[in-house]
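What you are looking at is a predicted structure, and each value in this text was computed from that prediction instead of being measured. What's counted below: heavy atoms across the whole structure, side chains too, no hydrogens, waters or symmetry copies. Order of appearance sets the numbers: ligands from 1, and atoms from 1 within every ligand.
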Amino acid sequence: MAKKTILDFMEMKRKGEKIVYLTAYNAQMARFEEAVGVDMILVGDSVGNTDLGYDSTLPVTMEDMVTFTAAVRRGAPNTFIVGDMPFMSYQTSIEEAIYNAGRLIKEGGADAIKLEGGAVVTDTVRAINEAGILVMGHIGLTPQSAAQFGGWKAQGRDAEQAVKIVKDALALEEAGAFSILVEGVPGAVSQVIRDKCSIPILGIGAGAPCDGQLLIVYDMLGMYETFKPKFVKRYGNLAKDIKEMLAQYCQEVRGGQFPTREYEYGMPAEAADEFQRLLEEEGLA
Ligand code: KIV
């Protein structure tokens, strides 16, 4: 199937067809996602939590994001990929933001970048867009600023904050964002954003009204046990399955049940005879 473009996503919004968006951090998961027809993949800085073992996304670097984005691109050559801008890769200056966004495109092979923030980042969004790079906005519960919210808390649950989030969305659209990810807000707020914006509105923990849905792939597979947000639906329990398989491997290696002959390379009879002869000749038999 051909890789989808922003025109396809606009058309999907117009027709009310939901956009399927999922994170991936490595080539194998990206292969699986491409095989089942996921529309858009996010290489999120959530890789800091999922694969790098940090307890937040803040330590993730540009080098990390380029490496993981390139791996996902190799696994999913025909899927639209969004590379996430890590903390402090776009806040210090517009020049640095353009340069770093360019790295995700040139070195990571992403089709677009995502950065967090509303009205305060519109100059940056405009500049990156004018440099020819597609920008996805990210508003609501933006993890890089969780400390400013007093922790990982749903946003827009009071009327004034909700209006501010709607205004942030409109400002991002006006600045040229091709799409906006809305995280951790009530469905009533996402619905207004979806109706007011002409660009696709994707949601994670933002209810059904959005034009598409994102989940962290390890969350929906039941692989990430540390924390389960309210909005995560687990489609399986891979953590349990993986641990059971690992435990069985440990047990079989220790008990000598693995490997059996089935998993061993054989030697042709002639080579085995010759091997024996040589061992004897060398005094090694
Ligand atoms: O990094 C990420 O995966 C994200 C999601 C939490 C929305 O930005």
Linking I/L/V/M/F/W/Y whenever their side-chain heavy atoms sit closer than 4.5 Å, directly or via other members, would M62 and Y99 fall into one cluster?
-> no
Counting only non-hydrogen atoms and a 4.0 Å cut-off, the residues near ligand 1 are T23, L42, G44, D45, S46, D84, K114, H138, L181, E183, I204, L214, I216
Plane angle bin for W152 and F227 - parallel if under 30°, tilted between 30 and 60°, otherwise perpendicular = perpendicular
Under a 4.0 Å N-O cut-off, is there an ion pair linking E160 with K164?
-> no
E63 with R103: basic N within carboxylate O range, under 4.0 Å | yes
Have a look at D211 and tell me which of K13, K18, K15, R14 forms a salt bridge (Lys or Arg N to Asp or Glu O under 4.0 Å) with it.
-> K13
Kindly give the cluster partners of L278, where membership spreads through any ILVMFWY side chain lying under 4.5 Å from a current member.
-> none
